[in-house]
Amino acid sequence: MREVRLRFAPSPTGYLHIGGLRTALYNYLFAKHNNGKFILRIEDTDRTRYVEGAIENLIESLQWAGIEYDEGVFLEDGKLVQRGEYGPYIQSERLEIYRKYVDELIEKGYAYYCFCSKERLDKVREEQKIKGLIPKYDGLCRSLSLEEAKEKIANGEEYVVRLKLPPNTDIKFDDLVRGTITINTNDIDDQVLLKSDGYPTYHMAVVVDDHLMGITHIVRGEEWLSSTPKHVYLYEVFGWEKPVYVHLPTVLNKDRKKLSKRHGDVAVEDFRDKGYLPEGLINYLALVGWSPEDNEELLTMEELIEKFSFERVSKTGGIFDKDKLDWVNSHYIKNYDLDKLTDLAIPYLKEANLIDDKFAEERYDWLKVLVETVREGLSNLSEIVDKVGIFFDNEIKPENDEALSMLKMDHIPTLLSAFREELEAIDEVDEEFAKTIMKKIQKATGIKGKNLFMPVRIALTGNIHGPELTSIIYLLGKQNILNRIEYVEKQYL
RNA sequence: GGCCCUAUGGUCAAGUGGUUAAGACACCGCCCUUUCACGGCGGUAACCGGGGUUCGAAUCCCCGUAGGGUCACCA
């Protein structure tokens, strides 16, 4: 049996799209599930759309997401390197290869030179549209003899090479999620295979590369479904073994259109920057378009690999549901290794000028406690900034009138001085103190329940809601609390 | 418009001729908690329409309808 080999083959035109990540993920999961190989190939045959740095960005996003590949283009010390037996893995470095196969097609009569100008093509399409016909190449150069064509080329005329499709022929292929697809050649154009700049089009390059690289399963977006017959035809005329096709449903916006920028984030790096954990994003994304047999929804990469199959990929496009992503991600935040989570959280605190490098280093243990106490309410790490603000500002401002009025209650001065007395009796707040202080104050003042806890909370944070008082007191420490009590007494009492 | 694909709650989705049509997110209620969150329990809510086939259709077929994709020297 052939070794299972799959590839992810993006174009370096920008960032990695969230839909692209899912395609890469499904490829990866299936390859790993079958102990196969996963390959990253770069499809840069459109020189006009090439974006500097896009390949590096793509690789970094994949790496961040935890999707590893065995062959292809890698980033090492900031430089692109290629590894694997089937290289090069960047299509612009494979031009001679495509050329050779294009020549073979021409020789065998499966492709022909075409000298039609862009202007003529546009005009033909225009006229066809007016007549209500399907815009399609009219086949003018189809009848040109090879000799005539070669003569034109010798005279320096620009040309492309087109696929010569047989008329009125059904082309069938099986798709693992959609079943058998049949399309008639009358509905397909004589696709350009080789562009006038000497670069192949996607349709030529993808077939040649997938064959040469031993790709067994082609897993890609649904948008490729209707051009698959062209690829299948090429496999047939070359006499190559066809791969298994899998066309994935689209990831959609709320408006059921393809996920696009105007509705929010679509780049993998945007989610990383917002503080989504790779485990969370991957877990959620796996669930848009696929479900495991047991319907378990919280899955690690290892579990995904174990459970993944194309039989359970759905046929319908799924809306990218940020609420559910948040839920999945919050699960990972709650259970993440605390050191790792703290390391990931620190950049956000720095960015918000809550802490600096020195603070991060010297008070790392304190930061860990901080992260631990607020992690439960977070759906992504960038939200931590709002949650921890109360720990960094001793100038208490009641968040609203309700909070203010609670601070103005008659018994508050007694409460605060009792608190102060307890604090002055110790060197520093420890866990024991934090745990018992409220009871002591209650005993000393006779104030209890809501009249006790809420005013203290507001005096210490200004807010009605927040983490447990015990944690707040522990995290704040003696001096901060004394400062806050003093501030509140001066400002509000 | 031609061709191709698709159609279960607001969303993701189980379901492959016989089920009280799962589960999750979101939403609502209750409990837990002297706050919020977490957690627990419960609730609202779905088979696009019409014809067939069948003893019996969410499941099979046909016709509509709706949505998506594609019709480039872009991938």
Asks: Can a donor-acceptor pair be found, under 3.5 Å and without considering hydrogens, that links the side chain of A:Asp175 to the backbone of A:His247?
Replies: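 Yes; at least one donor-acceptor contact below 3.5 Å.
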Asks: Both distances under 3.5 Å, Watson-Crick or G-U wobble: report the partner of B:A37, or none.
Replies: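 B:A37 is unpaired by these criteria.
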Asks: Nearest to the side chain of A:Ile134 - B:C4, B:C12, B:G2?
Replies: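 Out of B:C4, B:C12, B:G2, the nucleotide with an atom closest to A:Ile134's side chain is B:G2.
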Asks: Using only side-chain N and O atoms of A:Ser314, determine if any of them is under 4.0 Å from OP1 or OP2 of B:A13.
Replies: yes
Asks: Which atoms of nucleotides 73-75 of chain B (N or O only) lie under 3.5 Å from a protein N or O atom, and what are those distances?
Replies:
residue : atom : partner  : partner atom : Å
B:C73   : OP2  : A:Arg125 : NH2          : 3.4
B:C73   : O2   : A:Ser196 : N            : 2.8
B:C73   : O2   : A:Ser196 : OG           : 2.8
B:C73   : N3   : A:Ser196 : OG           : 3.1
B:C74   : OP2  : A:Lys195 : NZ           : 3.0
B:C74   : O2'  : A:Asp46  : OD2          : 3.0
B:C74   : O2'  : A:Arg49  : NE           : 3.3
B:C74   : O2'  : A:Arg49  : NH2          : 3.3
B:A75   : OP1  : A:Thr45  : OG1          : 2.9
B:A75   : OP1  : A:Lys195 : NZ           : 2.6
B:A75   : OP2  : A:Tyr202 : N            : 3.2
B:A75   : O4'  : A:Arg49  : NH2          : 3.4
B:A75   : O3'  : A:Ser11  : OG           : 2.9
B:A75   : O3'  : A:Glu43  : OE1          : 3.2
B:A75   : O2'  : A:Ser11  : OG           : 2.6

Asks: Going by the rule salt bridge (charged side-chain N to carboxylate O under 4.0 Å, His left out), which residues pair with A:Glu372 if we only count those two or more places apart in sequence or in a different chain?
Replies: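 In terms of salt bridge (charged side-chain N to carboxylate O under 4.0 Å, His left out), with neighbours along the sequence ignored, A:Glu372 is linked to A:Arg375.
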Asks: So which nucleotide from B:U6, B:G1, B:C12 ends up closest to the side chain of A:Pro135?
Replies: B:G1
Asks: Rounded to whole angstrom, note down the P distance from B:G23 over to B:G15.
Replies: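 Comparing P positions in B:G23 and B:G15 gives a spacing of 15 Å.
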Asks: What does A:Lys136 touch in the nucleic acid at a heavy-atom separation under 4.0 angstrom: a base, only the sugar-phosphate, or nothing?
Replies: nothing
Asks: Kindly point out which of B:U11, B:A13, B:C38 is positioned nearest to the side chain of A:Arg256?
Replies: B:U11
Asks: Please report, rounded to the nearest Å, how far the C1' atom of B:U34 is from the CD1 atom of A:Ile464.
Replies: 14 Å
Asks: Looking only at atom C1', what distance separates B:A37 and B:C31, rounded to whole Å?
Replies: 15 Å
Asks: Examine A:Arg22 relative to A:Tyr26 and say whether NZ or CZ is less than 6.0 Å from the centre of the six-membered ring and inside a 45° cone about the ring axis.
Replies: yes
Asks: Please tell me which of the listed nucleotides, B:A37, B:A24, B:C4, lies nearest to the side chain of A:Lys324?
Replies: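 Output: B:A24.
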Asks: Under 4.0 Å, heavy atoms only, any strand: does A:Glu296 hit a base, just the sugar-phosphate, or nothing?
Replies: nothing
Asks: Does a side-chain N or O from A:Lys257 land closer than 4.0 Å to OP1 or OP2 of B:G68, or not?
Replies: yes
Asks: Between A:Phe30 and A:Phe8, does the ring-ring contact (aromatic ring centres under 6.0 Å, His included) criterion hold? Intermediate values first, please.
Replies: CA-CA 12 Å; A:Phe30 186 80; A:Phe8 177 55; over 10 Å; no
Asks: Distance check, P atoms only: B:G42 and B:A58, in whole angstrom units.
Replies: 28 Å
Asks: How many angstroms lie between CD in A:Glu432 and OG1 in A:Thr436, if you round to the nearest 0.5 Å?
Replies: 5.0 Å
Asks: Output the rounded distance in Å from CH2 (A:Trp327) to P (B:A24).
Replies: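 Whole-Å distance recorded here is 8 Å.
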Asks: Could you please name the partner base of B:U53, counting Watson-Crick and G-U wobble pairs only when both distances are under 3.5 Å?
Replies: none
Asks: Under 3.5 Å for both donor-acceptor distances, Watson-Crick or wobble: does B:C47 have a partner, and if so which one?
Replies: none
Asks: Calculate the interatomic distance between A:Asn295 atom CG and B:A21 atom P; express it in whole Å.
Replies: 18 Å
Asks: Quantified in whole Å, what is the P atom distance between nucleotide B:C4 and nucleotide B:G64?
Replies: 13 Å
Asks: What's the closest nucleotide to the A:His465 side chain, out of B:C36, B:C4, B:A24?
Replies: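 Of the options given, the side chain of A:His465 lies nearest B:C36.
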Asks: Return the nucleotide paired to B:A22: Watson-Crick means purine N1 to pyrimidine N3 with N6-O4 or O6-N4, wobble means G-U with N1-O2 and O6-N3, both under 3.5 Å.
Replies: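 No nucleotide pairs with B:A22.
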Asks: Please determine, by modelled atom types, if A:Asp190 and A:Tyr112 share a side-chain donor-acceptor pair under 3.5 angstrom.
Replies: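 Result is yes, a qualifying pair exists.
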Asks: Regarding A:Thr182, tell me which of base, sugar-phosphate or nothing describes its non-hydrogen contacts under 4.0 Å with the strands shown.
Replies: sugar-phosphate
Asks: What does B:U59 pair with, Watson-Crick or G-U, if both distances are under 3.5 Å?
Replies: none
Asks: What integer number of Å spans the C1' atoms of B:G43 and B:G9?
Replies: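 It comes out at 14 Å once rounded to the nearest Å.
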Asks: Write down the distance separating the P atoms in B:A26 and B:C48, rounded off to the nearest Å.
Replies: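 B:A26 and B:C48 have their P atoms separated by 26 Å.
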Asks: Do A:Asp326 and A:Tyr284 have side-chain N/O donor and acceptor atoms under 3.5 Å apart?
Replies: no
Asks: How would you label the contact of A:Arg312 with the nucleic acid (heavy atoms, under 4.0 Å): base, sugar-phosphate, or nothing?
Replies: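 Sugar-phosphate: the residue A:Arg312, judged by heavy atoms under 4.0 Å, touches backbone atoms but no base.
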Asks: Give A:Lys450 one of three labels, base, sugar-phosphate or nothing, depending on what nucleic acid heavy atoms sit under 4.0 Å from its own.
Replies: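 Contact class for A:Lys450: base.
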Asks: Could you work out which one of B:C3, B:C5, B:U6 sits closest to the side chain of A:Arg178?
Replies: B:C5
Asks: Write down the partner of B:A7 under the Watson-Crick or G-U wobble criteria, each distance required to be under 3.5 Å.
Replies: B:U65
Asks: Using whole Å, what does the distance between atom C1' of nucleotide B:C12 and atom CZ of A:Arg22 come to?
Replies: 12 Å
Asks: State whether A:Arg220 places a side-chain N or O below 4.0 Å from either non-bridging phosphate oxygen (OP1 or OP2) of B:G69.
Replies: no
Asks: Any side-chain donor paired with an acceptor under 3.5 Å for A:Ser379 and A:Asn329?
Replies: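 On atom types as modelled, these side chains do not qualify, holding no pair under 3.5 Å.
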Asks: Can you measure A:Glu468 atom CD to B:C36 atom P for me and round it to whole angstrom units?
Replies: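 Going from A:Glu468 (CD) to B:C36 (P), I get 12 Å.
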Asks: Whole angstrom is fine here: how far is it from CD1 in A:Ile437 over to C1' in B:U34?
Replies: 17 Å
Asks: Excluding sequence neighbours, so at least two apart, what forms salt bridge (charged side-chain N to carboxylate O under 4.0 Å, His left out) with A:Lys368?
Replies: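 For A:Lys368 the salt bridge (charged side-chain N to carboxylate O under 4.0 Å, His left out) partners, ignoring immediate neighbours, are A:Asp339.
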Asks: Once you round it to whole Å, what is the distance between P of B:A14 and CD of A:Glu297?
Replies: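 That distance rounds to 11 Å.
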Asks: Please pick, from B:G69, B:C12, B:G2, the nucleotide with the shortest atom-to-atom distance to any side-chain atom of A:Ile319.
Replies: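 The answer is B:C12.
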Asks: Taking any heavy-atom pair under 4.0 Å as a contact, classify A:Gly289: base, sugar-phosphate, or nothing.
Replies: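 Contact class for A:Gly289: sugar-phosphate only.
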Asks: Between A:Thr180 and A:Asp174, is any side-chain donor less than 3.5 angstrom from a side-chain acceptor?
Replies: yes
Asks: Rounding to the closest angstrom, what is the interatomic distance between B:G40 and B:C32 at atom P?
Replies: 16 Å
Asks: Quickly work out the A:His331 NE2 to B:C38 P distance and round it to whole Å.
Replies: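 My rounded result for the distance is 14 Å.
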Asks: Please pick, from B:A14, B:A13, B:A26, the nucleotide with the shortest atom-to-atom distance to any side-chain atom of A:Asp323.
Replies: B:A26
Asks: B:A13 and B:A45: how far apart are their C1' atoms, nearest whole angstrom?
Replies: 15 Å
Asks: With a 4.0 Å cut-off on heavy atoms, is A:Gly449 in touch with a base, just the backbone sugar-phosphate, or nothing at all?
Replies: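 Answer is base: heavy atoms of A:Gly449 come under 4.0 Å of a base.
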Asks: Please determine, for B:U70, whether a Watson-Crick or G-U wobble partner exists with both distances under 3.5 Å, and give it or none.
Replies: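 The answer is B:G2, by the H-bond criterion.
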Asks: How long is the span from the CZ atom in A:Phe173 to the CD1 atom in A:Ile181, to the nearest 0.5 Å?
Replies: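 Output value for this atom pair is 5.0 Å.
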